[in-house]
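What follows is a single structure, written as structure tokens, with notes after it.
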Amino acid sequence: MPCHNVIARLLLKQGKAKVKSKTPFTIQLLYNTSSYIQDITLGMDTGSSKVGVAAVTEKSKVVYVSEITLRNDISEKLTRRGKYRRTRRSRKTRYRKPRWRNRKNSIKKHRFSPTMTSKFHAHMKEIHFVQSILPISNMVLETANFDSHALKNPEVLKNKLLYQRGVNYGYANAKAYVLHRDNHTCQYCSGKSRNQRLEVHHIVFRKNGGSDEPENLITLCKSCHDKVHLHLIQITLSGKQKGDLKHATQMNSIRMQLLKRIPEARETFGFITKEHRQLLGLPKEHYMDAVVIAGQGKYVAFDRLQVLFKRRVSVGDYQQTKGIRSQQSIPTGKIQGFRKFDKVSYLGKTYFIKGRMTSGYAILMDIHATKIDFSTAPKGYKTPKLKNCKRITARSNAMIDSKPIQDRFNSSHD
């Protein structure tokens, strides 16, 4: 169970405990003692981008709060890596037979994508971390089950028959529906061009993220259609961007996997959390939702609590070279004892290393991956040097920083 600062200081001074972690500050007793513990409920606001976690005692006291930012860059990095691999193969190893077709991991059944695997592990890793420092007896998860069809067409919630009978019902495809909707007439010249060939045009081009739904399609004759693409005429209608249901789909999988892996956890839903949070007058934050979930709608006491902000990062740097022909090597090891994502102290404040240079300079960032501007720093410190930085913690799979919860309250009210 957590103790007050003075107790921890005395235990360390007397040699009865040792420091296990600095963030959050955790000590471990070096002698046997009786178990004086309370029932603690762990609440988790699950998500595909950010996750909120909180632990509340049976006396409604919050003893742990964290917010984790998940990775959404894995797919982009894998796509870029594949492009580099193919171009390198076409330049240097064209004679080899392709081996990527028989890789066992890509044809394995019940396989999740690397992005989803990372998000599952991030949820489970945070749960296991809290269980390692606190005696968790109950667990409540706020999950969400999204209906992707209803997100695209909310009318199906009023009429269930629309699940089978959408706007294209009775037509061969969307093109046939749009031609019938526009009465087989060019919507720009109304048939004045006398061109009998009709085509369906995307108002918002597909290369710009335009949707293939009828709201973004219009009937044009071939003459007008060619002029649009030659920029001789312009369609002034407003189209529709392609809807992004990626996160909704991911949440459906995350919900099923968490409930399968933690069968003892109880499930709650977002509308319940929102009602309780508004009644308690708490700001809209992911970690505040987790506090409401763990407290189960009761008033809670924070008592000078620190909020842990965690940002998941890659375990290592795998790119070895850069340049047009990959001839410039990139140091992936330490430079003057520092690696990327190390937590360091500079000018009395804590930052994270965003980039390093072999010349001894560094680029620093905060927990939100925002580059820090030191143009107002004293002379000689406007560009951070590695020799002026002091490492606090080494790189791991997450950047971790803490802030007083009272500061977050003030910023929310402002």
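Owing to the predicted nature of the structure, the values given are computational and were not obtained by experimental measurement.
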Applying salt bridge (charged side-chain N to carboxylate O under 4.0 Å, His left out), name anything that partners K50, two or more places apart in sequence or on another chain. E67
Can you confirm whether or not the ring centre of F112 sits under 6.0 Å from the ring centre of H121? no
Please step through side-chain contact (heavy atoms from CB on, under 4.5 Å) for the pair H123 and I254, ending with a clear verdict. CA-CA 9 Å; H123 283 79; I254 291 174; 4.0 Å; yes
Write down the atom of I203, the atom of G239, and the distance for their closest heavy-atom approach. CG2-N, 3.6 Å
Cation-aromatic face contact R261/F120, 6.0 Å, 45 degrees: yes
Suppose we screen for side-chain contact (heavy atoms from CB on, under 4.5 Å). Which residues come up paired with N138, at least two apart in sequence or across chains? T41
Inter-residue atom distance K343.NZ - D401.CG, 0.5 Å rounding: 4.5 Å
Value rounded to 0.5 Å, distance of CG in D317 from CZ in R395: 4.5 Å
Distance from R277 atom CZ to I293 atom CD1, nearest 0.5 Å? 10.0 Å
To check you understand the geometry: which heavy-atom pair defines the closest contact between T87 and Y84, and what is its length? OG1-O, 2.9 Å
Are E126 and K310 close enough for a salt bridge, meaning some N to O gap below 4.0 Å? yes
Quick one: does V51's side chain get under 4.5 Å of T46's, heavy atoms only? no
Taking all non-hydrogen atoms of both residues, which atom of G43 and which atom of A294 are closest, and how far apart? N-CB, 3.6 Å
Near-ring test F374/Y351, centroid separation under 6.0 angstrom: yes
